[in-house]
Amino acid sequence: MQKDKVDHEIEAFGWVDRIRNLGGLVFVDLRDRTATLQIVIDPKAIPGVKELGLQDCIQVFGKVRERPDVQKTPKMTTGNVELEVSKIEVLGKSKVPPFVVESDVKANEDLRLRYRYLDLRREPMQQAIMFRHQVITAMREYLNKNDFIEIETPILTRSMPEGARDYLVPSRLYKGKFYALAQSPQMYKQLLMVAGFERYYQIARCMRDEDPRHDRQPEHTQVDMEMSFVDEEDVMTIAEGMFAHIFKQVLGQELKIPFPRMRYKDAIEKYGTDKPDLCFGMEIIDVKAAFKGKGFPPFKDKPDIRALVVKRGGSFSRKELDSLKDRAKELGLPGIFWVKREEKFSGSIAKLLDENIARQLQFEKGDLLVITAGSKKIFPFLGNLRNEFASELGLREKGFKFLWVYDFPIFELDEKTGAFTASHHIFTQPKPEDIKYLDTDPLKVRGRLYDLVCNGNELASGSIRNHNRQIQEKLFGIVKMDPTKYTMLLDALEYGAPPHGGIAPGIDRIIMILAGLKSIREVIAFPKTTTAQGLMENIPDQVTPQQLKDLHIKTDE
RNA sequence: GGGGUCGUAGUUCAGAUUGGUUAGAACGCCUGCCUGUCACGCAGGAGGUCGCGAGUUCAACUCUCGUCGGCCCCGCCA
């Protein structure tokens, strides 16, 4: 709606966003998904203007005119023009909304979710949802161009309870039997490779019955892809190309590819996590050499002594630092120790420091040095601290820092049960040089795995899969998974399965990060709460006794 | 399953530490005035089971306990 429409008679549809009634003249901001337009109404010529209410859906007829210069508002994209109304039709009257529908919404999130269709009218929500559409469009463009074909796989599938908890769907026709909602298309996409489609993708919904978080929903969407005759490099190149395409199409930015890479082991040692946030430094430093000979009892006989140098961290109070100690204790660490540096060193182990060590650590005036000693547990602990310090002190640089993390171990040890579990998923191919440890020391076996991390968030996870039945069965055996649940895959691997691998970037998180939003719920049209409820739909809810009877279900109480 | 935090007009919050008169403000809503506003302005008005339940007390929005709900975190998320 710009100058080229001036003096044209037009009709417009939209919602009443604001009313400024000056008595002899009424201005209404008419909003649709593209913009807001000021319409000007003469209440003498158009009776009934007084009945207009916020959020009414209306149709207006009138002539576009250019505003006099003093009345132009650069704030609005249509700020140079306005519509002189000759007729108004109320298409949908609105009740008084339960909260004021405006960009800078005041209402709490639960109220917004209860009336999500109103919340979604707000400009930031419209932007987010349309942004999401653009990102998904760019993904499809790129994958289509690269000879991927989009194939749908079942939502109703079989329960594979070894992963996350399944959402179960009771069968009506078969008493006591259940389907499960797909946790991922993993099995099917591998079968599509066996079937010879070579390059597949899908905008896939994945459902997992685990507690939601700000970046986790019971159902989430991923762009799931799989390729035959590829190795890690091929998959990573495709994924990098896809992100570059998204950045170019949607943000108009050149994204620097290839992304840097880091071994899992280095990520843990330097950042205490497998998803390092590279928007700031503060790497974990090995200080064992500097402190081992000092005769300080808590450090004695500890396998590792590691430190963080927190730039400008001297501002933390003793109380704040003491609370860290409690947290360390809860984790079974011997405690943490800190030194502040002003004119002199101060703090619990100031005595152990000297100018030499400080210089090596680049520990400068105003900084805080945090040290802890112990087993592997200190790494995730320091990794968490590192992130918290960065948030408190605002250390993060703006921008997007992508990183590949690779060389993950295939297995983890569940400390409670002593059993091995798959660190990512059990379909990952072991690195050929590590296969020899499968029988002797499974924890030593690295997988052909690669995670894509951006600003400390896991955005995608992928691997080269097993296309050999014997190896796949062996892996099932190590984690004590029931291979009969996967018969369809194991059988298929015996009919000319191609080598294959893939990756699955999580769309909700990608949108959240690219849009700079704090919660995944802001980029999903109809999300669930962190208690896994739909407040608008009022779900989960009870069903009728007849429905239960049909499904052969009896509930407690 | 565990921890933290919040819950007071339609909405967002103040009031609570120190229990005591009629629980306030802003936005929204209603009425009136206003022809250049764009967060319009001005005048007036309506609107409250202080989440729910119990306890302490002469007296509870306020203190105690319990409970329900939202958000954040841990567990969990192949």
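Convention: sequence-line order gives letters A, B, ...; per-chain numbering from 1.
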Phosphate-side-chain proximity, A/Arg20 and B/C34, N/O vs OP1/OP2 below 4.0 Å: no
Length of the CD1-C1' vector between A/Ile19 and B/C38, whole Å: 13 Å
Watson-Crick or G-U counterpart of B/A25, or none if no pair lies under 3.5 Å: B/U12
Any side-chain donor near an acceptor of the partner, A/Asp166 and A/Gln183, under 3.5 Å: yes
Sugar-phosphate, base or nothing in reach of A/Arg112, heavy atoms under 4.0 Å: nothing
Nearest listed nucleotide, side chain of A/Leu22, among B/C40, B/C71, B/C77: B/C40
Candidate list A/Lys528, A/Arg521, A/Lys518, test salt bridge (Lys or Arg N to Asp or Glu O under 4.0 Å), partner A/Glu109, passing option: A/Arg521
Atom C1', compared across B/C63 and B/U56: separation rounded to whole Å: 8 Å
Short side-chain N/O contact to B/G28 OP1/OP2 from A/Arg18, under 4.0 Å: no
5′-ward residue of the pair A/Phe427/A/Ser519 relative to RNA chain B: A/Ser519
Test side chain to side chain donor-acceptor pair (under 3.5 Å) applied to A/Gln429 and A/Arg448, step by step: CA-CA 6 Å; A/Gln429 196 178 114; A/Arg448 297 181 67 181; 2.8 Å; yes
B/G44: pairing nucleotide in any strand, Watson-Crick or G-U under 3.5 angstrom: B/C30
Length of the CD-P vector between A/Glu82 and B/U35, whole Å: 17 Å
Least distance between heavy atoms, A/Asp277 atom then A/Arg386 atom: O-NH2, 2.9 Å
Nearest-angstrom distance from the residue atom CD of A/Gln183 to P of B/C77: 10 Å
Touch class at under 4.0 angstrom, heavy-atom based, for A/Leu111 against every strand present: sugar-phosphate
Check: A/Phe427 ring centre within less than 6.0 Å of A/Tyr486 ring centre: yes
Touch class at under 4.0 angstrom, heavy-atom based, for A/Asn21 against every strand present: base
Sugar-phosphate only, base, or nothing, as touched by A/Thr529 at under 4.0 Å among non-hydrogen atoms: sugar-phosphate
Residue whose closest nucleotide on RNA chain B lies nearer the 5' end, A/Arg216 versus A/Gly23: A/Gly23
Closest listed nucleotide, where the reference is the side chain of A/Val100 and the choices are B/U37, B/C27, B/G75: B/C27
Under 4.0 angstrom between A/Thr530 side-chain N/O and B/C71 OP1 or OP2: yes
Paired nucleotide for B/C71 [Watson-Crick or G-U wobble; both distances under 3.5 Å]: B/G4
Donor-acceptor pair present, A/Asp211 side chain and B/G75 base, under 3.5 Å: yes
Candidate nucleotides B/C76, B/U11, B/C38, ranked by approach to the side chain of A/Ala107 - the nearest: B/U11
Residues A/Lys189, A/Asp224: salt bridge by 4.0 Å N-O rule: yes
Protein-nucleotide distance (A/Tyr167, atom OH; B/C76, atom C1'), rounded to Å: 13 Å
Interatomic distance at P, B/G51 relative to B/U17, whole Å: 15 Å
Residue matched to B/U64 through Watson-Crick or wobble contacts both under 3.5 angstrom: B/A54
C1' spacing across the pair B/C42 / B/U35, given as an integer number of angstrom: 16 Å
B/G24 versus B/U18 - spacing of their P atoms, nearest Å: 24 Å
A/Leu25 side-chain proximity, nearest of B/U35, B/U37, B/G28: B/U35
Side chain to side chain donor-acceptor pair (under 3.5 Å) between A/Arg205 and A/Thr221, intermediate numbers included: CA-CA 4 Å; A/Arg205 197 63 65 85; A/Thr221 309; 3.2 Å; yes
Separation of B/C30 P from A/Glu51 CD (nearest whole Å): 10 Å
Steps toward side chain to side chain donor-acceptor pair (under 3.5 Å) verdict (A/Glu11, A/Gln59): CA-CA 7 Å; A/Glu11 62 175 346; A/Gln59 179 182 21; 2.7 Å; yes
A/Arg521, nearest nucleotide to its side chain (from B/U37, B/C72, B/A39): B/C72
Between B/U35 (P) and A/Asp42 (CG): distance, integer Å: 11 Å
Neighbour count >12 (heavy atoms, 6.0 Å) for atom OH, A/Tyr167: yes
Touch class at under 4.0 angstrom, heavy-atom based, for A/Gln186 against every strand present: base
Nearest listed nucleotide, side chain of A/Lys44, among B/U37, B/G75, B/U35: B/U35
A/Tyr406/A/Asp451 under side chain to side chain donor-acceptor pair (under 3.5 Å): CA gap, chis, key distance, verdict: CA-CA 6 Å; A/Tyr406 67 106; A/Asp451 274 10; over 6 Å; no
Separation between the C1' atoms of B/A60 and B/A16, rounded to whole Å: 11 Å
B/C61 versus B/C13 - spacing of their C1' atoms, nearest Å: 15 Å
Any A/His214 side-chain N or O less than 4.0 Å from OP1/OP2 of B/C71: no
Below 4.0 Å: OP1/OP2 of B/G32 and any side-chain N or O of A/Lys50: yes
Shortest side-chain distance from A/Arg65, nucleotide among B/C29, B/G36, B/G75: B/G36
Strand partner of B/U35, provided both Watson-Crick or wobble distances fall under 3.5 Å: none
Donor/acceptor link under 3.5 angstrom from A/Gln71 side chain onto base of B/U37: no
Length of the line joining A/Asn80:CG and B/C38:P, which is rounded to integer Å: 17 Å
P spacing across the pair B/G19 / B/U67, given as an integer number of angstrom: 27 Å
Under-4.0 Å side-chain N/O to phosphate OP1/OP2 contact, A/Asn108 with B/G7: no
Atom-to-atom span, CG of A/Leu30 to P of B/C38 - whole angstrom: 19 Å
Nucleotide nearest A/Lys106 (side chain, heavy atoms from C-beta), chosen from B/C38, B/G75, B/U12: B/U12
B/C76 base / A/Arg208 side chain donor-acceptor hit below 3.5 Å: no
Is_stacked (A/Phe99, B/U11) at 5.5 Å, 30 deg: no
P gap between B/G47 and B/C6, integer Å: 31 Å
Touch class at under 4.0 angstrom, heavy-atom based, for A/Thr421 against every strand present: nothing
